[in-house]
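Worksheet for the structure shown next.
Remember, it's 1-based here, ligands and their atoms both numbered in the order they're listed. FYI, side chains are in, hydrogens and waters are out, and symmetry mates aren't considered; it's all heavy atoms of this structure.
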Amino acid sequence: MTTTRFAPSPTGYIHVGNLRTALMNYLIARKAGGTFILRIDDTDPERSKEEYVDAIKQDLEWLGLQWDRVERQSDRLDRYADAADKLRELGRFYEAFETPTELDLKRKKQLNMGKPPVYDRAALTLADEEKTALRAQRGDGVWRFLLDHERIEWTDGILGDVSIDAASVSDPVLIRGDGQVLYTLASVVDDTDMGVTDVVRGADHVTNTATQIQIMAALGHSHPRFAHHSLLTGPQGEALSKRLGTLALRDLREQGVQPMALLSHMARLGSSDPVELRGSMDELIEGFDVSRFGAAPTKFDVADLFPLTASYLHGLDFAAVADTVVALGVPEHLREPFWNMARENITTLGDLDKWWALCRDGAEPLVANEDREFIAQAMAMLPDLPFEADTWGNWTSAVKEATGRKGKSLFMPLRKALTGQERGPEMAALLPLLQIVRK
Ligand code: GLU
């Protein structure tokens with residue numbers, strides 16, 4: 001059975017880059033009728049925070065990316081210890097004692113000599129008494145996985161055939177000196193134990209994948225299908241990594257981006273399918289195919305989310321936004337007409353505020369000098385509040401008759417006088433909602 005997982009580290013809020021990963025894994029699982037696991041990668045007790053676990057769940061729920069179960073790496077430390085023991089027994093795990101400064105120096109020397117900065121495995125030649133001495137001096141060492149120096153190959157769901165020379169990769173550290181299990185080992189054990197069949201993650205994980213394939217094989221397991229999506233860049237192709245902090249899902253929510261707009265965008269961006277607003281999650285699931293995504297960096301522009309949000313809102317019936325309209329304080333009998341008047345004229349629900357303020361408080365009239373007399377005459381002909389559905393039609397016909405004005409020179413000054421702006425909703429729909437008229 002298809003099983004996928006989204007595996008965030010709870011060290012911050014999730015952003016659009018994480019969403020790409022979450023959504024692809026979600027859609028694969030749902031399309032196959034499989035299982036989608038939310039895995040909390042919290043082996044780092046210093047940086048992992050419970051508030052981020054809660055925030056990640058809230059963000060996924062907001063988007064409707066419901067997981068089938070939650071797993072936490074901090075609950076599974078025994079499983080990782082077992083795997084570590086097995087690797088030791090197999091002779092694929094060795095303790096190394098270099099300090100970060102020593103490693104840095106080695107890397108610099110290698111680079112100076114034009115060699116790739118790969119760990120030189122000096123620790124492999126340490127005799128037992130040397131290790132005991134180092135341990136006494138420096139504390140426990142780190143544990144590295146001994147890679148087999150051969151090519152590691154897999155067919156990637158997005159990148160196609162990938163081949164990495166293991167000799168160009170340092171033996172990965174799987175356990176730190178303080179005993180903390182690192183992500184690479186934890187992830188391998190989890191993916192195996194949980195029967196994960198498909199892993200989609202960012203292209204920054206390609207080297208991890210190579211080492212994880214070998215670790216899985218050493219532990220006697222086959223590996224899941226892998227697909228690595230390209231990293232997002234800004235609209236000009238600039239690196240987005242520093243700005244991702246400002247593209248947290250909760251910030252987008254705060255700015256009024258609608259879930260369906262964000263999902264529609266992220267489920268297609270960087271694929272050969274057009275980005276279009278979809279009406280439902282089912283539609284997104286139906287049309288999703290990971291192999292349609294390209295390997296090239298994908299440009300992301302937050303501004304693209306707003307037209308999609310607007311189209312989504314334009315299509316909504318009153319019932320879908322009733323709570324928001326009630327919260328604005330619109331009287332009951334005006335709520336539905338208010339929504340129907342305003343919906344084509346908003347980008348986010350936050351914009352409803354200003355249309356309701358206009359209805360409730362009226363607007364400072366905007367009157368050009370040459371229209372002063374005309375507006376005074378028209379206003380004198382305006383019937384008393386409340387206005388009806390036909391008020392605008394009747395009134396403008398009468399004003400046209402009386403002044404001889406027509407077309408734009410008739411309607412535009414009236415709109416500006418009543419709304420204080422040149423553009424906005426249909427006046428016939430707006431007029432019956434006006435609670436006061438400022439003259
Ligand atoms: N916690 C890892 C990350 O956020 C998970 C990567 C993976 O999907 O394996 O990068």
Legend entry - Side-chain ion pair, Arg69 and Glu71, N-O less than 4.0 Å: yes

Inset, instruction - State the atoms of ligand 1, each with its element, that fall below the 4.0 Å cut-off from a heavy-atom position in His205. - result: 3 (C), 6 (C), 10 (O)

Legend entry - atom 5 (C) of ligand 1 - nearest protein heavy atom and its distance: Ala7 O, 3.2 Å

Inset, instruction - Count the heavy atoms of every other residue, nucleotide or ligand shown that sit under 6.0 Å from CD of Glu332, and state whether that count exceeds 12. - result: no

Legend entry - Shortest protein contact, atom 8 (O) of ligand 1 (heavy atom only): Arg5 NH1, 2.7 Å

Legend entry - Test item: side-chain donor near acceptor, Asp171 and Tyr94, under 3.5 Å: yes

Inset, instruction - Using distance alone, determine whether Val199 and ligand 1 share an N or O pair under 3.5 Å. - result: no

Inset, instruction - Indicate whether any N or O donor in one side chain lies under 3.5 Å from an N or O acceptor in the other, for Asp282 and Ser280. - result: no

Legend entry - Per-residue contact class, Tyr183 against ligand 1 - non-hydrogen pairs under 4.0 Å: side chain

Legend entry - Between Tyr13 and Asn18, a side-chain donor and acceptor under 3.5 Å: no

Inset, instruction - Find all atoms of ligand 1 within a distance of less than 4.0 Å from any non-hydrogen atom belonging to Asp41, and give their numbers and elements. - result: 1 (N), 2 (C), 5 (C)

Legend entry - Nearest atoms (heavy-atom pairs only) where Thr309 meets Val257: OG1-CA, 3.7 Å

Inset, instruction - Within a distance under 4.0 Å of any heavy atom of Arg201, pick out the atoms of ligand 1 and give their elements. - result: 7 (C), 8 (O), 9 (O)

